[in-house]
Amino acid sequence: MADLKPPFNERTAREKVKAAQDMWNTKDPVRVAQAYTPTCIWRVRDYFLTGTEAIVAFLQAKWKREHSYRLRKELFAFRDDCIAVQFWYEFQDVEDGMRWKRCYGLEDWTFDDTGKMRKRMMSGNDVLIGPEGNGEGRWFADEVNVNDVPISEQHW
């Protein structure tokens, strides 16, 4: 992923987004954190983090709470060293009785000249999937390739 460096064009921006998606779907906090600078600034909803050690700790806690995590990212916009991303992910929330949820959101990313992310700002909202969060209507079932799921406003 680090070989995709700014300035981005449409092809390299799309490749960077899909590389990030694939890396996050490994659910390996140390591997994911390698894509960020040592002083990377993060905002995730109402959490503010700085540095890869904080990123690893945050992701360890995230994936301990979010079971069956499956993520899709799509390019929204790009410019020079910045990429904006739409994302959707599904998970079973350990802290909420294993109910299924889907998070919708946007991220804005800024990269250094080596291709590592130096800033990541995320806004997202969780909704229950199916009646009472039973998972009925999941998009990203285990056997499904997340890239093959048609996503449009009609699905929201």
In the structure I gave you, are the side-chain heavy atoms of [X] and [Y] within less than 4.5 Å of one another anywhere?
{"X": "Thr12", "Y": "Phe78", "answer": "no"}
{"X": "Ile83", "Y": "Leu75", "answer": "yes"}
{"X": "Tyr69", "Y": "Lys62", "answer": "yes"}
{"X": "Arg65", "Y": "Phe91", "answer": "yes"}
{"X": "Phe87", "Y": "Cys103", "answer": "yes"}
{"X": "Arg99", "Y": "Leu128", "answer": "yes"}

Single-linkage hydrophobic cluster [X]~[Y], side-chain heavy atoms < 4.5 angstrom:
{"X": "Met23", "Y": "Met117", "value": "yes"}
{"X": "Ile55", "Y": "Phe58", "value": "yes"}
{"X": "Val17", "Y": "Leu106", "value": "no"}
{"X": "Met98", "Y": "Val127", "value": "no"}
{"X": "Trp100", "Y": "Trp88", "value": "no"}

Tell me the salt bridge (Lys or Arg N to Asp or Glu O under 4.0 Å) pairs involving residues 22-42, sequence neighbours left out?
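Residue pairs with at least one partner in residues 22-42: there are none.
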
By side chain to side chain contact (heavy atoms under 4.5 Å, CB included) - contacts of Gln34 (at least two apart):
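Val30.
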
Which residues share a side chain to side chain contact (heavy atoms under 4.5 Å, CB included) with Pro6, sequence neighbours left out
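In terms of side chain to side chain contact (heavy atoms under 4.5 Å, CB included), with neighbours along the sequence ignored, Pro6 is linked to Phe8, Asp81, Phe111.
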
Is the count of non-hydrogen atoms from other residues, nucleotides or ligands lying under 6.0 Å from [X] atom [atom1] greater than 12?
{"X": "Asp148", "atom1": "CG", "value": "yes"}
{"X": "Arg79", "atom1": "CZ", "value": "no"}
{"X": "Phe76", "atom1": "CZ", "value": "no"}

Salt bridge (Lys or Arg N to Asp or Glu O under 4.0 Å) against [X], all qualifying residues, sequence neighbours excluded:
{"X": "Arg72", "value": "Glu74"}
{"X": "Glu90", "value": "Arg102, Arg138"}
{"X": "Lys101", "value": "Asp93, Asp96"}
{"X": "Asp108", "value": "Lys119"}

For the student: nearest non-hydrogen atoms of Gln21 and Val146, plus distance:
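Heavy atoms of Gln21 and Val146 come nearest at NE2-CG2, 3.6 Å.
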
Can you give me the closest heavy-atom contact between Lys64 and Val94, atom names plus distance?
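Nearest pair, atom of Lys64 first, then Val94: O-CG2, 3.7 Å.
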
Which residues end up grouped with Ile41 if you chain together Ile, Leu, Val, Met, Phe, Trp and Tyr wherever their side-chain heavy atoms are less than 4.5 Å apart?
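Answer for Ile41: Met121.
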
Please identify each residue that fulfils side chain to side chain donor-acceptor pair (under 3.5 Å) with [X], with sequence neighbours left out.
{"X": "Trp24", "answer": "Tyr36"}
{"X": "Glu10", "answer": "Arg14"}
{"X": "Arg118", "answer": "none"}

Using only atom types and a distance under 3.5 Å, with no angle test, would you say the side chain of Lys16 pairs donor to acceptor with the backbone of Leu4?
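Pair found, side chain donor or acceptor close to backbone of Leu4.
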
Would a distance-only check, ignoring hydrogens and angles, find a side-chain to backbone donor-acceptor pair under 3.5 Å from Gln92 to Ser68?
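No: the side chain of Gln92 does not pair with the backbone of Ser68.
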
What's the separation between atom CD1 in Ile151 and atom CZ in Phe140, rounded to the nearest 0.5 Å?
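So the CD1 of Ile151 and the CZ of Phe140 are separated by 4.0 Å.
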
Atom pair NZ/CD of Lys73 and Gln86 - distance to nearest 0.5 Å
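Answer for the NZ-CD pair, Lys73 versus Gln86, is 11.5 Å.
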
Would you be so kind as to tabulate the donor-acceptor pairs closer than 3.5 Å made by side chains of residues 43-54, with sequence neighbours excluded?
from  : atom 1 : to     : atom 2 : distance (Å)
Arg43 : NH1    : Arg45  : O      : 3.1
Arg43 : NH1    : Met122 : O      : 3.0
Arg43 : NH2    : Ser123 : OG     : 2.9
Arg45 : NH1    : Asp126 : OD1    : 3.4
Arg45 : NH1    : Asp126 : OD2    : 3.4
Arg45 : NH2    : Tyr89  : OH     : 3.2
Arg45 : NH2    : Asp126 : OD1    : 3.0

